[in-house]
Amino acid sequence: MVMTETEAPTLRGKEPAWRRAVPWVGVVCRLVLAGVWIIAGALKLPDLTESVRAVQAYKLLPAGLASAVGYGLPPLEILVGLLLLAGLFTRYAAAVSGLLQVAFIIGIASAWARGMSIDCGCFGNGGELAAGQSPNYFWEILRDVGLLLASAILVLRPRTPLSVDRWIRGE
Amino acid sequence: MGKAQRQRQAAQVVRAQLAAEQRKKRTLIAVGVAAAVVIVGGAIGYGIYQGNKSSTVNEPTAATVNYGFESGEGPVAVDLYVDFMCPSCKAFEEQYAEPLQQAALAGQITLITHPVAILNRMSQGTDYSTRAGAASVCAANEGKFGEFSTALFAAQPAEQTPGLSNGELVDVGKGVGLGDTFASCVNAQTYAAWVDKGTEVASEDGLSGTPYVKINGEPVELKDFGTALDAAINAAGVGGVDPSASAS
């Protein structure tokens with residue numbers, strides 16, 4: 001057992017600081033995403049018909065489907081947010097989070113491409129813009145790409161400190 | 001394989017099984033807690049949602065068509081959805097209210113105006129869109145929807161302000177000859193739930209912003225409205241008596 005002599009120092013304690021910080025990147029991703037989802041969902045929840053209108057403003061989905069998405073999206077957002085906050089089923093919650101971001105990016109990009117002037121509806125606005133406001137599609141997409149990235153990190157590395165997942169595994 | 005090694009392996013298997021069982025148990029606990037949170041939260045959320053939705057929808061005494069008020073009996077159906085808080089509705093009103101009224105009087109069109117409330121978030125929590133819409137229903141009950149609506153647009157508050165109070169709405173009504181019945185109707189907000197219900201129906205029907213106009217059931221872009229209206233009137237064969245020419 002001569003090898004342990006060279007391996008032992010690389011175990012705990014002597015790891016470089018950045019290496020020990022890596023798992024906490026996942027925690028930050030979780031908390032940021034959780035905050036965004038819970039706020040986005042909670043703002044839409046009190047007025048679901050407004051949420052339906054926001055979905056319809058994109059003119060991408062047929063009326064029936066748009067209603068279903070408009071009513072269903074806010075509860076789903078809150079659920080994903082709570083799961084990420086607790087760190088329960090992190091990989092699956094992050095996957096749903098990422099898929100939603102992809103859908104939003106497609107929606108905003110297509111509204112941009114079609115020259116439509118709508119609010120993204122992201123945080124509980126009813127789709128249409130007030131007079132004099134111009135849409136900020138670029139920043140909306142950039143933000144969603146950032147959130148997509150955070151989701152992707154969690155899909156790839158779902159094991160993070162301070163999570164229910166970790167308690168389940170008994171670590 | 002030595003005895004000691006076998007024992008070590010057996011112990012490892014047992015430990016792995018115990019760990020697996022603990023994982024299973026803890027997964028069940030976590031799922032149970034999560035499900036309980038979802039169910040309780042969902043119930044509370046649904047309760048709040050139902051509570052927010054004003055309970056009884058009072059039907060106006062005036063005749064209504066699909067949560068709107070009719071004027072004229074012409075062959076061309078023009079559906080107009082307005083929110084009294086919406087600046088472009090005001091602009092539309094200023095541009096088209098007169099020609100539309102004339103076309104309705106001349107028997108060319110049937111104008112159906114739907115008061116909707118989609119900009120309640122623009123009035124700092126006073127729900128001006130709903131209150132103004134409900135007041136317009138009170139006016140409609142006394143046959144003065146058109147006059148009141150014009151007066152209300154003229155008095156339109158800026159977005160991100162509380163808007164007109166109920167008392168001020170009553171004053172606007174007085175300006176077009178509405179009296180005490182109207183006042184108590186506005187103050188009681190008798191038709192607030194009706195306006196919200198109409199907004200919900202319109203939203204599910206494709207309304208995503210105001211003003212929203214349909215000619216013979218087909219949504220029309222605002223910039224094309226004038227030409228589309230003329231075309232529809234001509235197609236209906238009632239273009240001969242065109243008093244709206246002066247206004248275009």
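Note that the structure is predicted; figures quoted are calculated from it, not measured. First the proteins, then the strands, lettered A, B, ... as listed; each starts at 1.
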Under the rule for ring pair (Phe, Tyr, Trp, His ring centres under 6.0 Å), what residues qualify as partners of B/Phe153, not counting sequence neighbours? B/Phe84

Above 12 or not: heavy atoms from other molecules or residues under 6.0 Å from NZ of A/Lys59? no

More than 12 heavy atoms of other groups within 6.0 Å of A/Arg157 CZ: no

Using residues 68-75 of chain A as the side-chain source, report each donor-acceptor pair under 3.5 Å to any protein atom, sequence neighbours left out, with the distance given to one decimal.
{"unit_1": "A/Tyr71", "atom_1": "OH", "unit_2": "B/Glu204", "atom_2": "OE2", "d": "3.0"}

Close contacts, residues 22-31 of chain B versus chain A, judged by heavy atoms under 4.5 Å: B/Gln22, B/Arg23, B/Arg26, B/Thr27, B/Ile29, B/Ala30, B/Val31

Considering residues at least two apart in sequence or located in another chain, which fulfil the salt bridge (charged side-chain N to carboxylate O under 4.0 Å, His left out) criterion with A/Arg91? none

Interchain contact, A/Ile168 with chain B, by part (heavy-atom threshold 4.5 Å): both

If you apply the rule side-chain contact (heavy atoms from CB on, under 4.5 Å), what do you find for A/Arg53 with B/Thr199, and how did you get there? CA-CA 10 Å; A/Arg53 277 194 303 279; B/Thr199 307; 3.5 Å; yes

Hey, is CD on B/Glu59 packed in by over 12 heavy atoms from elsewhere, all under 6.0 Å? yes

